[in-house]
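Reviewing the structure listed below.
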Amino acid sequence: QSYRVAILGATGAVGTELLELLEHRNFPLADLKLLASPRSAGNTLLFRGEALPVETVEANSFAGVDIVLASAGGSVSKAWAEPAIAAGAVMIDNSSAFRLDTSVPLIVPEVNPGAAAHHRGLIANPNCTTILMAVALYPLHQVQPIRRIVASTYQSASGAGARAMEEVKTQSLDILQGKQPKPQAFPYPLAFNLFPHNSPLNALGYCEEEMKMVNETRKIFGADDLRITATCIRVPVLRAHSESINLEFEQPFSVEHAREILSQAPGVKLVEDWQKNYFPMPIDASGKDEVLVGRIRQDLSHPNGLELWLCGDQIRKGAALNAVQIAELLIQKNLLKPALAANS
Ligand code: 2RA
């Protein structure tokens, strides 16, 4: 069987990656529609050697569509979720608009595939930093529940879009040529610099990006009492996020056991060469499906603690690949029609 898919936000960094993944994963497509806002529509994008038109999204864009992969920002997802579902499609939304909505499953296929069964036409793709951390930590959590997570992130420019990636390059060139860099995608120069994630701050001094890691991880793990704190930093790296993770368990968790678990964990690649001091790096993670994990070690400050380091492609597993894997999951489990329809 094959399916009619629409990509909403086809011209963005994640949209481009969705196209590439649908092609290279040989997704069972009956038809592919490329949709964008009026500002981005009009040109064509190559798919399987064919130039497909990027159409302006409108009321009847979703007629006959089975799956909508949305990555055009929260306001666009909010505007088009209802029409898409009414047309009989399932929307897999990469924005943060619906992630904490109790009626919307928030899915990392390696972690909580079962939650997809409860969808009502809408499934949320978690934030990139959350996905990468969840893939690495859930296998450990399954063996012994994690009591507390302290996460520090080193986030690539790609999280702010293709324009931000270009800005790092041009700013670097400007600086090397002795010119003043002109920040546009970010409020400050990113080349040869780094700064706390510039999403809005709450009364506790945490930014939205940090609260996404706290709230989304609890929902995905089904562990509301999981204690999490995070510090999210933007760094001058193009498309792979890195995260330093400190874990506290109820009992000691041996490094050897953790290493053995992660060496077999779905979506994880263990990268550790202690003799060469070689561990995950963004340049190795970029373009890859796996989350690279390494430097697993006992926390010398806590008998029940572990430390680890990870790198993952923010555009791929952090967004587009996870969304395509959710679509593949829905097909595999015959979950394309909303549970609502099934119950009515
Ligand atoms: C960022 N995770 O990196 C956010 C949005 N993709 O800025």
Side-chain angles (χ1 to χ4, degrees), residues 7-18 21 69-78 92-100 106-108 124-136 149 151-168 171 183-191 193-202 206-217 219-220 228-245 282 285-287 291 310-324 326:
I7 297 178
L8 177 53
T11 58
V14 174
T16 309
E17 194 76 13
L18 286 166
L21 286 163
L69 299 170
S71 190
S75 56
V76 172
S77 295
K78 282 178 183 166
I92 299 169
D93 179 28
N94 189 49
S95 84
S96 57
F98 304 103
R99 288 179 184 153
L100 301 184
L106 182 65
I107 305 278
V108 177
N125 206 36
N127 193 43
C128 40
T129 48
T130 307
I131 293 173
L132 303 178
M133 182 169 80
V135 168
I149 299 171
S152 300
T153 72
Y154 307 77
Q155 297 182 220
S156 55
S158 56
R163 190 166 67 97
M165 295 169 77
E166 281 314 304
E167 186 166 303
V168 174
Q171 285 181 0
Q184 288 173 340
F186 299 109
Y188 328 102
L190 182 55
N193 188 29
L194 54 83
F195 46 77
H197 194 282
N198 59 303
S199 50
L201 295 163
N202 68 13
Y206 280 75
C207 70
E208 280 181 4
E209 189 77 356
E210 290 156 352
M211 293 315 295
K212 287 175 185 176
M213 293 186 85
V214 175
N215 296 321
E216 293 175 16
T217 304
K219 179 172 175 179
I220 295 161
I228 309 177
T229 183
T231 301
C232 294
I233 303 294
R234 186 75 71 193
V235 296
V237 167
L238 285 179
R239 61 173 287 163
H241 284 348
S242 304
E243 300 182 21
S244 169
I245 308 280
S286 298
V291 176
L310 67 86
C311 296
D313 187 308
Q314 183 270 335
I315 302 174
R316 206 168 176 94
K317 182 56 186 173
L321 174 61
N322 200 70
V324 170
I326 292 171

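Remember, it's 1-based here, ligands and their atoms both numbered in the order they're listed. Throughout, residue positions are numbered sequentially from 1 according to the sequence presented. We use all heavy atoms of the structure for the numbers below, so side chains are in, but hydrogens, waters and symmetry mates are not.
Near Gln155, meaning under 4.0 Å from one of its heavy atoms, ligand 1 places the atoms 1 (C), 3 (O). The contact set between ligand 1 and Cys128, taken as ligand atoms under 4.0 Å from a residue heavy atom, comprises 2 (N), 6 (N). Of all the atoms in ligand 1, the ones that sit under 4.0 Å from a non-hydrogen atom of Glu209 are 1 (C), 2 (N), 3 (O), 4 (C). Interface of His241 with ligand 1, defined as ligand atoms under 4.0 Å from a residue heavy atom, comprises 3 (O). Residue-ligand proximity, His197 to ligand 1, at heavy-atom distances under 4.0 Å covers atoms 1 (C), 7 (O).
Proximity annotation for atom 1 (C) of ligand 1: of Lys212, Gln314, Arg234, Glu208, Arg234 comes nearest, heavy atoms only.
Electrostatic pairing of Arg239 and Glu17 counts as a salt bridge here, judged by a charged N lying under 4.0 Å from a carboxylate O. Ion pair Lys219/Glu216 not flagged as a salt bridge, since none of the NZ, NE, NH1 or NH2 atoms sits closer than 4.0 Å to an Asp/Glu carboxylate oxygen.
In this structure, the separation between CG on Asn125 and CG on Asn322 is 4.5 Å, given to the nearest 0.5 Å.
Between Asn127 and ligand 1 there is a heavy-atom distance shorter than 4.0 Å.
With 3.5 Å as the limit, one finds no donor-acceptor pair spanning the side chains of Ser156 and Gln314. A side-chain N or O of Thr229 and one of Tyr206 form a donor-acceptor pair less than 3.5 Å apart.
In terms of polar-atom proximity, defined here as any N/O pair under 3.5 Å, Ser156 makes no such contact with ligand 1.
Here the closest non-hydrogen pair linking Gln171 and Ala191 is OE1-N, 3.1 Å.
Of all protein heavy atoms, the one closest to atom 5 (C) of ligand 1 is Gly159 O, 3.3 Å.
Heavy atoms from other residues, nucleotides or ligands lying under 6.0 Å from OH of Tyr188 number 12 at most.
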